[in-house]
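The structure appears below as structure tokens.
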Amino acid sequence: QFAEYLRKKGLVSKTDAILDDYRKIYNEKNGIVEATVTLVERLPEKTRINLREALKKKYGAREVHMLEKVDHRLIGGIKVKVGDEVYDASLQNSLRTLESKLLG
């Protein structure tokens, strides 16, 4: 029925945006935070659990859905993105900052 409604209203091309907005509303109402964690290699289970608990506490969430991405360009460290907030403790970012200070 929902798909038929979108078709009738000419909104089929906007399905992805509609579903994304719905997910955001659902997550907000249910205390769910989505975090993207980027690192050089997968997190050990204990670290994953600790990070999830820290994010729950920081954002007052009941649940944290974490997506782990592996990116060898980071060289080391971690990057965590929640909504529009980014915590970048990667070695790549540290080197970029150092370079900027030395050459700036």
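Quick note: numbers below take in every heavy atom, side chains included, and nothing from hydrogens, waters or symmetry partners. Keep in mind that what you see is a predicted model, and the values were worked out from it rather than measured.
- The shortest non-hydrogen separation linking Val40 to His72 is O-CE1, 3.3 Å.
- Salt bridge status for Glu34 with Arg23: present, with a side-chain N to carboxylate O gap under 4.0 Å.
- Residues Val70 and Glu41 have side chains not in contact (no heavy-atom distance under 4.5 Å, counting atoms from C-beta outward).
- Of the possible donor and acceptor atoms, one in the side chain of Asp88 sits under 3.5 Å from a partner among the backbone N and O of Ser90.
- By the 4.5 Å heavy-atom criterion applied to side chains, Leu91 and Leu74 are not counted as neighbours.
- Counting only heavy atoms from C-beta outward, the side chains of Phe2 and Thr15 never approach each other to under 4.5 Å.
- Looking at heavy atoms from C-beta onward, Tyr59 lies in side-chain contact with Glu85 at the 4.5 angstrom threshold.
- Salt bridge status for Lys69 with Asp71: absent, with no side-chain N to carboxylate O gap under 4.0 Å.
- Annotation for Asp16: atom CG does not count as buried by contact number, only 12 or fewer foreign heavy atoms lying within 6.0 Å.
- Expressed to the nearest 0.5 Å, how far CG of Leu55 lies from CE of Met66 amounts to 7.0 Å.
- In this structure, Arg62 and Ile32 have side chains that are not in contact, with every pair of non-hydrogen atoms separated by 4.5 Å or more.
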List, one per line, each side-chain donor-acceptor pair under 3.5 Å for residues 7-14, sequence neighbours excluded.
unit_1	atom_1	unit_2	atom_2	d
Arg7	NE	Glu4	OE1	3.3
Arg7	NE	Glu4	OE2	3.4
Arg7	NH2	Glu4	OE2	2.5

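- Side-chain atoms of Leu67 and Val37, non-hydrogen and from C-beta on, never get closer than 4.5 Å to each other.
- Using a distance-only test at 3.5 Å, with no hydrogens or angles considered, no donor-acceptor pair links the side chain of Asn93 to the main chain of Ala89.
- Within 6.0 Å of CD on Glu28 lie no more than 12 heavy atoms contributed by other residues, nucleotides or ligands.
- Counting only heavy atoms from C-beta outward, the side chains of Ile18 and Leu6 approach each other to under 4.5 Å.
- Residues Asn27 and Val33 have side chains not in contact (no heavy-atom distance under 4.5 Å, counting atoms from C-beta outward).
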Under 3.5 Å, which donor-acceptor pairs do the side chains of residues 43-53 form with other protein atoms, sequence neighbours left out?
unit_1	atom_1	unit_2	atom_2	d
Glu45	OE1	Arg48	NH1	2.4
Arg48	NE	Glu68	OE2	2.5
Arg48	NH2	Leu43	O	2.9
Arg48	NH2	Glu68	OE2	3.0
Asn50	ND2	Lys46	O	3.4
Arg52	NE	Val64	O	3.1
Glu53	OE2	Lys56	NZ	3.3

